[in-house]
2 protein chains.
Amino acid sequence: MARKSGSNGEKTAKQLREAATALFAKNGYAAVSMRQIAREVGVQAGALYLYTADKQTLLFDLLDQHMQDLLQAWEERATPHSVTPMDKLECFVRFHIRFHLPRGDEVFISYMELRNLTPENFEVIQTSRRKYESILHDILSDGEADGTFKFVDTKVATFAIIAMLTGLNTWYRDEGRLSLDMVEEIYLDLVMSAAGAKR
Amino acid sequence: MARKSGSNGEKTAKQLREAATALFAKNGYAAVSMRQIAREVGVQAGALYLYTADKQTLLFDLLDQHMQDLLQAWEERATPHSVTPMDKLECFVRFHIRFHLPRGDEVFISYMELRNLTPENFEVIQTSRRKYESILHDILSDGEADGTFKFVDTKVATFAIIAMLTGLNTWYRDEGRLSLDMVEEIYLDLVMSAAGAKR
DNA sequence: ACGCTAACTGAACAAGCGTTCAAATGAAAT
DNA sequence: ATTTCATTTGAACGCTTGTTCAGTTAGCGT
């Protein structure tokens with residue numbers, strides 16, 4: 001047999017992205033074969049090449065989509081645009097946690113599989129990442145300018161805060177001791193303290 | 001030819017560890033072949049099996065050695081054992097940075113390749129890691145008990161601080177803007193602030 | 001009912017994988 | 001000088017890899 005009954009291109013494309021995301025996160029890009037992904041999708045390996053040029057492009061598209069989603073979600077965030085640096089920082093922390101926590105696999109891949117990108121693809125992702133970091137950096141700078149925050153080095157503080165927040169993904173479990181709301185408050189407190197903000 | 005002139009077991013063993021560390025860090029465990037490692041060592045692939053049972057054991061040994069070194073270095077740290085929680089935390093921060101920064105590859109592998117360990121091997125490494133985390137946790141607990149520090153949640157603060165410190169490895173470069181001494185002071189300040197310590 | 005095209009199979013390709021092992025050779029001890 | 005043993009080669013094993021492609025079928029517009 002060839003074409004399968006009930007087959008549909010968009011559905012398969014979506015299944016491919018999902019299967020690849022899950023498998024790459026669990027076993028790593030290099031350790032996952034196209035045949036493994038195909039099995040998960042319920043299709044032969046050859047069929048995948050109707051939806052991606054090659055394995056490398058598949059990885060890149062996943063990472064790029066993730067970064068695009070992240071940046072776009074920030075632009076469209078529900079919270080009304082805040083005015084004071086304090087409000088902005090609070091908004092950023094809450095946003096970061098709520099965006100990243102439900103996307104464990106994507107976040108994991110985005111950090112772990114950078115080295116498996118070709119140099120050109122790497123540069124694209126890196127640019128998006130820097131864009132995101134600059135959002136936080138601008139907030140911290142503003143706050144420092146008007147005396148809300150105090151840092152020895154603002155650039156380092158940016159990295160440190162993002163690393164701290166993203167580290168949440170490595171240990172948080174839905175069934176665990178703490179609710180999403182609680183970790184949000186805990187990290188908010190840690191970040192505000194680190195920023196030297198009096199509350 | 002068979003045995004090579006000037007050949008020496010211990011030297012080859014060391015070269016194997018170094019080549020494997022560098023290659024695993026750069027390309028990932030799954031993406032690196034035994035033949036690639038062998039080429040780096042300057043030997044045929046078959047010869048590597050005199051020094052490791054198999055590829056999995058090679059990875060495990062590297063990670064395990066790294067964790068052992070870390071825990072032992074803490075025990076033998078040069079700084080005289082401090083008394084106040086404040087001193088202890090300062091000591092820990094400085095130790096963490098000075099131990100981790102010069103070991104970029106090992107640290108990277110230790111975080112990235114955990115998933116490529118067999119479950120039993122993973123458990124061993126995880127135990128060592130928890131041991132290290134508990135060092136910081138104990139310091140934070142003590143400090144909270146005597147009022148030096150203030151946390152909403154001490155366990156979370158432990159994870160957050162370690163993530164923050166380890167994140168340093170992802171951006172620090174020797175040729176960069178900041179010296180080792182400077183980042184040490186910057187991170188010390190961030191950690192102390194996050195801990196709510198008045199200085 | 002027919003033709004077109006989107007969707008997929010299944011086999012094939014060359015290349016590379018981890019691992020084993022008999023054979024060969026250098027170094028060290030006698 | 002001879003033996004012994006550590007060290008390495010090089011070929012071989014069966015298997016998997018990413019990717020291509022001619023052929024086959026399902027769904028859809030006419």
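This one's a predicted model, so the numbers in the text were calculated from it and none came from an experiment. For the numbers below, each heavy atom of this structure counts, side chains included, while hydrogens, waters and symmetry mates do not.
Taking atom CD on A/Q44 and atom C1' on D/dA22, their separation rounds to 15 Å, with Å as the unit. Between A/L48 atom CG and C/dA7 atom P the separation is 14 Å, expressed in whole Å. Between the P atom of D/dT17 and the CD1 atom of A/I37 lies a distance of 11 Å, rounded to the nearest Å. If you take CG of A/L50 and P of D/dC21, they are 13 Å apart, rounded to a whole angstrom. One can place CG of A/L58 at 12 Å from C1' of D/dG18, the figure rounded to the nearest angstrom. With rounding to whole Å, B/L16 atom CG is found 11 Å from D/dT8 atom P.
Taking 4.0 Å as the cut-off between side-chain N and carboxylate O, B/D181 and B/R94 do not count as a salt-bridged pair.
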Ignoring hydrogens and angles, write down the donor-acceptor pairs under 3.5 Å from the side chains of residues 41-53 of chain A, residues two or more places apart or on other chains.
unit_1	atom_1	unit_2	atom_2	d
A/T52	OG1	A/D54	O	3.0
A/T52	OG1	A/L58	N	3.4

Side chains of residues 145-154 of chain A: which donor-acceptor pairs under 3.5 Å do they make with residues two or more places apart or in other chains?
unit_1	atom_1	unit_2	atom_2	d
A/D146	OD1	A/T148	N	3.0
A/D146	OD1	A/T148	OG1	2.5
A/D146	OD2	A/T148	OG1	3.3
A/D153	OD1	A/K155	N	3.1
A/D153	OD1	A/V156	N	3.0
A/D153	OD1	B/R177	NH2	3.2
A/D153	OD2	B/R177	NH1	2.8
A/D153	OD2	B/R177	NH2	3.3
A/T154	OG1	A/E144	OE1	2.7

Exercise answer: donor-acceptor pairs, residues 128-135 of chain B side-chain atoms, under 3.5 Å, sequence neighbours excluded:
unit_1	atom_1	unit_2	atom_2	d
B/R129	NH2	B/S110	O	3.4
B/R130	NH2	B/E123	OE2	3.4
B/Y132	OH	B/H96	ND1	2.7
B/S134	OG	B/K131	O	2.7

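In terms of phosphate contacts, B/T12 brings a side-chain nitrogen or oxygen within less than 4.0 Å of OP1 or OP2 of D/dT8.
Of the candidates C/dT9, D/dT9, D/dT19, the closest approach to any side-chain atom of B/V43 belongs to D/dT9.
In this structure, the ring pair (Phe, Tyr, Trp, His ring centres under 6.0 Å) partners of B/F159, at least two apart in sequence or on a different chain, are A/W171. Take A/Y187 and apply the ring pair (Phe, Tyr, Trp, His ring centres under 6.0 Å) test, not counting sequence neighbours, and it matches no residue.
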Below 3.5 Å is the cut-off: list the nitrogen or oxygen pairs between protein and nucleotides 15-18 of chain C, distance only.
unit_1	atom_1	unit_2	atom_2	d
C/dC17	OP1	B/S33	OG	2.9
C/dG18	OP1	B/V32	O	3.4
C/dG18	OP1	B/M34	N	3.4
C/dG18	OP1	B/K55	NZ	3.1
C/dG18	OP2	B/M34	N	2.8
C/dG18	N7	B/R35	NH1	2.8
C/dG18	O6	B/R35	NH2	2.9

